[in-house]
Number of protein chains: 2
Amino acid sequence: MTGTAMIGLGAMGQGMARNIMAAGIPLAGFDLSEGARARFAQEGGSTGEDAAHVVADCDLLLVMVATAAQAEAALFAGVTDALAPGAVVILSSTVAPSEARAIAARLAEQGHTMLDAPVSGGQVGADDGRLTIMASGPQVAFDRADTVLAAISKKVHRLGDEAGLGATYKVVHQLAAGVHLVAAAELMAFGAKAGCDPQTLFDIVSSSAGQSWMMDDRAPRMMTTGATATSTVDIFIKDLGLVVQTARDSGAPVPLAAAAYQMMIGASGMGLGREDDSAVIRAYEALTGHPVHKD
Amino acid sequence: MTGTAMIGLGAMGQGMARNIMAAGIPLAGFDLSEGARARFAQEGGSTGEDAAHVVADCDLLLVMVATAAQAEAALFAGVTDALAPGAVVILSSTVAPSEARAIAARLAEQGHTMLDAPVSGGQVGADDGRLTIMASGPQVAFDRADTVLAAISKKVHRLGDEAGLGATYKVVHQLAAGVHLVAAAELMAFGAKAGCDPQTLFDIVSSSAGQSWMMDDRAPRMMTTGATATSTVDIFIKDLGLVVQTARDSGAPVPLAAAAYQMMIGASGMGLGREDDSAVIRAYEALTGHPVHKD
């Protein structure tokens, strides 16, 4: 039997699922959230209340949950037994390289093959089918996954044959994204306290040597309150935690990432863990005693 | 009498001087370096061995030296007495806001007016006449400086009437530039140690959410050795020192800038202070025990 399935239909997964179906690929999908399943069904996907039943006999499964623990829970409570023999599992969650290798090994014991394929581009990239994919795994996995990857991405980087390489590039990439996000907050809070107009400061920095993609994207949200969460503070605590731990395991000190991690933890400690990750500005505002936002 | 003069014909100043003269403005110039003066004379400027004599009777003076101490030494040992009465002094060095205010006050005592006008864009921007200028000062100073600023910049941000505002925006901007530069080194060193191919890692990050102007510009130099210095490690130690001190004076904690500052100090401690600022990668390589560069 053949068929394509997906587990994880949240902020990232829903856009990816939509683009897979738009490419003409029938898709079976599961999420623990009943609301996510209902939305997926409305958009033409087939779903149900039991994950193993939903994915039964599929030979390609895309996993887009938030953490390695969620991925293991999703896969190893019946789902992998229900898949077609020798299926390919695309793991697109951001996980530690050691976790990617462990999940791949456990899948191999059951005769399945894993593509270690985390993504970058956020909810906008997922919605637009323009994610960047950092992928490693055997040729057979790339061959089977090819049309699905093409449907969701602008670029697939092929990084080698072994699970863990995709995860390594993604975790290292998150160092830059996380440091630049927190640096944007540090700059905006310092500038506002020192007497700069926040919008003028942003206009100058974003058109000069201080520019970054994260500042361009997040600083406008920092100048308001109540931004819609596309990715949360707690998700970035998870990601920067992976950066710090993977760097430690590698023997590489990361003082900037470690400092950024602490400020994100502070934002969560203020009760903002479920807010948009641009809310890290609130932690800096708490320390400067001076608001950046005007509303 | 009227006339335009410039003090500081180094890495930044020589390109600025060239663009001023290319705009049809005759220019008198001085630098402590005999080589810099000779180059300036070859390009059509008038110069000499005594700064006060060179700038005599000019009513516009552009100062592009490295530090506030150098600016004070250049101005207040005879130069300001030699200028035409009521001259305008454009201070384009990166200095602390408090230093900009102090120099402006001292100039005012002598009947001169200061434009606080630091620049961003580096040696390339100076050479191309495409600097970003962050300027504050009275209208009369902007009026007199207008044609010179237009000759060297792509954009002049007018930030208010008072000295210190231009310097404040510039120092806050340097937080982003400095943190992004050191973050690029931290990422490349961590990635190389964790098994990533440096060029592939750079290609992925620079086309994803981890992109920054500084990484785009400096990471390629980090993958070689012996990059030509366009701006040095020691210059960035000065700039990040201004960030940390100005933030402290403002009551704004800057943990990322403080960490970046320490890594730059480490690079200088290794004997690399006069090297290109991308040499901060060598400090990370020393700590990971693993080279990023291939040559």
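Residue numbers start from 1 in every chain, and the chains themselves are labelled A, B, ... in the order their sequence lines are given, proteins ahead of strands.
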Report summary line: Counting heavy-atom pairs under 4.5 angstrom with chain B, the leader among A:Leu175, A:Thr246, A:Asp217, A:Asp216 is A:Leu175
Requested in this report: Tell me, out of A:Ala252, A:Gly125, A:Gly210, who's got the most heavy-atom pairs with chain B below 4.5 Å.
Outcome: A:Gly210
Query raised in the report: Which region of B:Leu131, side chain (C-beta onward) or backbone (N, CA, C, O), has a non-hydrogen atom less than 4.5 Å from a non-hydrogen atom of chain A, or is it both or neither?
Result: neither
Report summary line: When the 4.5 angstrom heavy-atom criterion is applied to A:Leu181 and chain B, the contacting part is neither
Query raised in the report: Between A:Met134, A:Gln211, A:Met188, A:Gln174, which shows the greatest number of heavy-atom pairs under 4.5 Å with chain B?
Result: A:Gln211
Report task. Measure the spacing between CD1 of A:Ile133 and OG of B:Ser208 and express it to the nearest 0.5 Å. Result -> 11.0 Å
Query raised in the report: So which heavy atom on A:His180 is nearest to which on B:Met215, and how close?
Result: CE1-CE, 4.3 Å
Query raised in the report: At a heavy-atom separation under 4.5 Å, does A:Ala257 approach chain B through its side chain, its backbone, both, or neither?
Result: both
Requested in this report: Give, as side chain, backbone, both or neither, the part of A:Thr200 having an atom under 4.5 angstrom from any heavy atom of chain B.
Outcome: both
Query raised in the report: If you count heavy-atom pairs under 4.5 Å with chain B, which of A:Thr132, A:Thr168, A:Val254 comes out on top?
Result: A:Val254
Report summary line: On a heavy-atom basis, the closest approach of A:His173 and B:Ala209 is NE2-N, 3.5 Å
Query raised in the report: Given a strict heavy-atom distance threshold of 4.5 Å, which part of A:Lys154 is in contact with chain B: side chain, backbone, both, or neither?
Result: side chain
Report summary line: In short, B:Pro255 meets A:Tyr284 closest at the heavy-atom pair CG-OH, 3.7 Å
Query - Contacting region of A:Asp197 [heavy-atom separation from chain B under 4.5 Å] - result: both
Requested in this report: Could you look at A:Ser120 and say if it's the side chain, the backbone, both or neither that has a heavy atom under 4.5 Å from chain B?
Outcome: side chain
Query - Per-residue contact mode, A:Met263 against chain B (heavy atom under 4.5 angstrom) - result: side chain
Requested in this report: Report, as yes or no, whether the 6.0 Å neighbourhood of atom CD on A:Gln123 holds more than 12 heavy atoms from other residues, nucleotides or ligands.
Outcome: yes
Query raised in the report: Minimum heavy-atom separation for A:Leu256 to B:Ala183, with atom names?
Result: CD2-N, 3.6 Å
Requested in this report: Return the option, out of A:Val205, A:Ile204, A:Thr288, with the maximum number of heavy-atom pairs under 4.5 Å with chain B.
Outcome: A:Ile204
